[in-house]
Amino acid sequence: MTCPRCDRANADRRRYCGGCGASLEHTCGACDFVNRADDRFCGGCGDGLPELAHARVIAAPAPSGSELRISAADLRALLADIAPEVVPQHELTPGTGAVNQDDLDRLFGGAV
Amino acid sequence: MASAIVVDDSPIMRMQLRNLLAQAGCQVVGEAASGDEVLALYERHRPDLVTLDIVMPGKDGVTAATELLARHPSAAVVMCTSLTTRDKVVACQKAGVSHYLLKPFQPERAVAVFRHVLSRGAGVSAGAAR
């Protein structure tokens, strides 16, 4: 089957994509039937299947003939460039002392 | 309703997290007591949020978060731990976790963090689309 994230053709027996590691299975939220990742409707109950998150995350298509795989750290750096409002830019203050919740809220955002 | 999985080796802590997540409008759809189960549980339920303890039997929470986020970069992970050392926080930040909550929880603050993280993921995750 074709990977919904990187478009690589995979053998049907594979559970994860050989090109990017994405899951090739899609479990129905209504009946737990395990569908293929590119199925649009559940084979167990016929419900429509939501688009997989990993098929919609990567911003840029891979150049022809190559594969794109992005780490969480790279994704964070990319987001910091294109949408800095969603990635807090704070750093922990130097030191060896324990952090507290105020430090962590500043670091990760969403402080109360 | 948003969904979550809770991973913590303490049953009492899992119960507290269920209550706090419910106040944030989030239903717990799966629980585990070890980091070993995180990836399979995530891929089974595709939750909107994952809470992860750090010190657990088997795989620790930092390793579990790193592996989960390497495979599913859009996963929203909130570390829930009593560890306050900077190296743990930095390791979690590098892994790409969404937030880091300290135990014992300040309930209002924990609920606000869950709401904040869920609001950032709204419209992105599979769970939110159901």
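Everything numeric here is computed off the predicted structure, so don't read it as measured data. Naming: A, B, ... by sequence-line order, numbering from 1 per chain.
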Is the shortest side-chain heavy-atom distance between B/Q93 and A/L107 below 4.5 Å?
yes

Can you tell me how far the CZ atom of B/R120 sits from the CZ atom of A/F108, to the nearest 0.5 Å?
9.5 Å

Would you say B/L102 and B/V77 are hydrophobically clustered, going by side-chain heavy atoms of ILVMFWY under 4.5 Å?
yes

Applied to residues 21-36 of chain B, the salt bridge (Lys or Arg N to Asp or Glu O under 4.0 Å) test, sequence neighbours excluded, yields B/R14-B/E31, B/R18-B/E31

Assigning hydrophobic clusters by single linkage (Ile, Leu, Val, Met, Phe, Trp, Tyr; side-chain heavy-atom cutoff under 4.5 Å), is B/V29 placed with B/L39?
yes

Minimum heavy-atom separation for B/R86 and A/A98, please, with both atom names.
NH2-O, 4.1 Å

Ignoring hydrogens and geometry, is there a side-chain-to-backbone donor-acceptor pair from A/Q101 to B/L101 under 3.5 Å?
no

Which atoms of B/T66 approach chain A - backbone, side chain, both or neither, heavy atom under 4.5 Å
neither

Atom pair CZ/OG of B/R46 and A/S23 - distance to nearest 0.5 Å:
5.0 Å

Should A/F33 and A/L24 be counted in the same cluster of Ile, Leu, Val, Met, Phe, Trp and Tyr side chains packed under 4.5 Å apart?
no

Nearest atoms (heavy-atom pairs only) where A/L104 meets B/V89
CD2-CG1, 3.6 Å

If you compare all heavy atoms of A/G109 against all heavy atoms of B/H99, which two are closest, and at what distance to 0.1 Å?
O-NE2, 2.8 Å

With clusters defined by side-chain heavy atoms of hydrophobic residues (ILVMFWY) lying less than 4.5 Å apart, directly or transitively, does B/L69 cluster with A/Y16?
no

To the closest 0.5 Å, what do you measure between CG (A/D105) and CZ (B/R109)?
4.5 Å

Determine whether B/Y100 and B/V55 fall in the same hydrophobic cluster, where Ile, Leu, Val, Met, Phe, Trp and Tyr are linked whenever their side-chain heavy atoms lie under 4.5 Å apart.
yes

